[in-house]
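Structure first, commentary second.
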Number of protein chains: 2
Amino acid sequence: MSRIRPTAGEWEILQALWKLGPATVRAVHEEIGAGHYNTTLKLMQILAEKGLAARDEEARAHVYRAAVEREALQADAVEDVLERVFGGSAAELMQRALSRRKPKKGELKELRKMIDAWERGKG
Amino acid sequence: MSRIRPTAGEWEILQALWKLGPATVRAVHEEIGAGHYNTTLKLMQILAEKGLAARDEEARAHVYRAAVEREALQADAVEDVLERVFGGSAAELMQRALSRRKPKKGELKELRKMIDAWERGKG
DNA sequence: GCCAAACTACGAAGAGTTTCGTTGACAACT
DNA sequence: AGTTGTCAACGAAACTCTTCGTAGTTTGGC
């Protein structure tokens, strides 16, 4: 059960694919708005190789789509940091997360709601 | 103001140094408990080169110590993930952090306390 | 048909990371 | 003094990631 760990470049592509839905290289490249077209293409081909994206080759401009769920990958990423950087302490992670950026207005409320839900869930 | 981003191997060394305090390569290597001695040595030399660790060369077995604060590096790491993976949403990050591991008994309480403190701090 | 534009594909170059074999210095013990 | 063990240092090798030049194919306009 190996954890999926996209590189920084891959994350950027994936975020674009989740946002746009199925899209061509061109569309993703423009969404990102930086770098060489070929770099975007190459990264997307690599994502396809790795199984993180799938593509439809029917049309001349291949249509790519994310082949993994955003939520699952995010959970992997957070687990990774939690383990490697925080020794598993979610509280410590949260403390650092809030230490530099002031939470947006509703964010604290949302967090509190989440915690409530968790406690109710546990009974 | 570039963000410090240690590699996975570097994190492992740094965690050991923070835990042990100033320590020799041998001590760190045994704390980690895996891999080749020379790999540990090389990584520690690299950390020194990068300024993330400092060393005292007085003794034959050089004594290394972390040259950066754990908290600062953790904040960097979390900011990185927050930005790259979660588009800045701390709430979403927390949601994923709690999605797979059940929080320890006191963890939720601690989180709630942190949020309270934040809200009071803002007035 | 021919040319230009858009596209995929290929691969090489450069940087960074990790591993580890080898070497030479030093120390301890005999 | 010689042997053995520990250590730092160096560098090569394998690997990954990123970038981008180049080539070849397809499409559409003329």
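Order of the sequence lines sets the chain letters (A, B, ...), proteins ahead of strands, with each chain counted from 1.
- The main-chain N or O of Leu47(A) is never found under 3.5 Å from a side-chain atom of Glu10(A) such that the two would form a donor-acceptor pair.
- Put simply, the side chain of Glu79(A) never gets that close to the backbone of Arg100(B): no donor and acceptor are under 3.5 Å apart.
- A donor-acceptor pair under 3.5 Å is absent between the side-chain atoms of Gln74(A) and the main chain of Arg96(B), judged by distance alone.
- Remark: of the listed residues Glu31(A), Glu12(A), His29(A), His29(A) is the sole one forming a side-chain hydrogen bond (donor to acceptor under 3.5 Å, both in side chains) with Thr40(A).
- Side-chain contact between Ile13(B) and Ile32(B) is present, with at least one heavy-atom pair separated by less than 4.5 Å.
- With rounding to whole Å, Glu49(B) atom CD is found 10 Å from dA9(D) atom P.
- One N or O on the side chain of Gln15(A) and one on the backbone of Arg84(B) form a donor-acceptor pair closer than 3.5 Å.
- Between the CG atom of Leu47(A) and the P atom of dC17(D) there is a distance of 11 Å, rounded to whole Å.
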Please write out each protein N/O paired with an N/O of nucleotides 2-4 of chain D under 3.5 Å, distance rounded to 0.1 Å.
none

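- Contact check of residues 12-21 of chain A against DNA chain D (heavy atom, cut-off under 4.0 Å) returns no residues at all.
- For Asp76(B) (side chain) and Ile4(B) (main-chain N/O), a donor-acceptor pair under 3.5 Å exists by modelled atom type.
- The shortest distance between side-chain heavy atoms of Gln45(A) and Lys42(A) falls below 4.5 Å.
- Atom CZ in Arg55(B) sits 6.0 Å away from atom NE2 in His62(B) (nearest 0.5 Å).
- Electrostatic pairing of Asp116(A) and Arg112(B) counts as a salt bridge here, judged by a charged N lying under 4.0 Å from a carboxylate O.
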Q: List the protein contact pattern of nucleotides 8-23 of chain C with one symbol per nucleotide (5' to 3'): B for base contact, S for sugar-phosphate-only contact, - for none; contact means a heavy-atom distance under 4.0 Å.
A: BB-B-----SBBBBB-
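- Distance, Met44(A) CE to dC7(C) P: 12 Å, rounded to whole Å.
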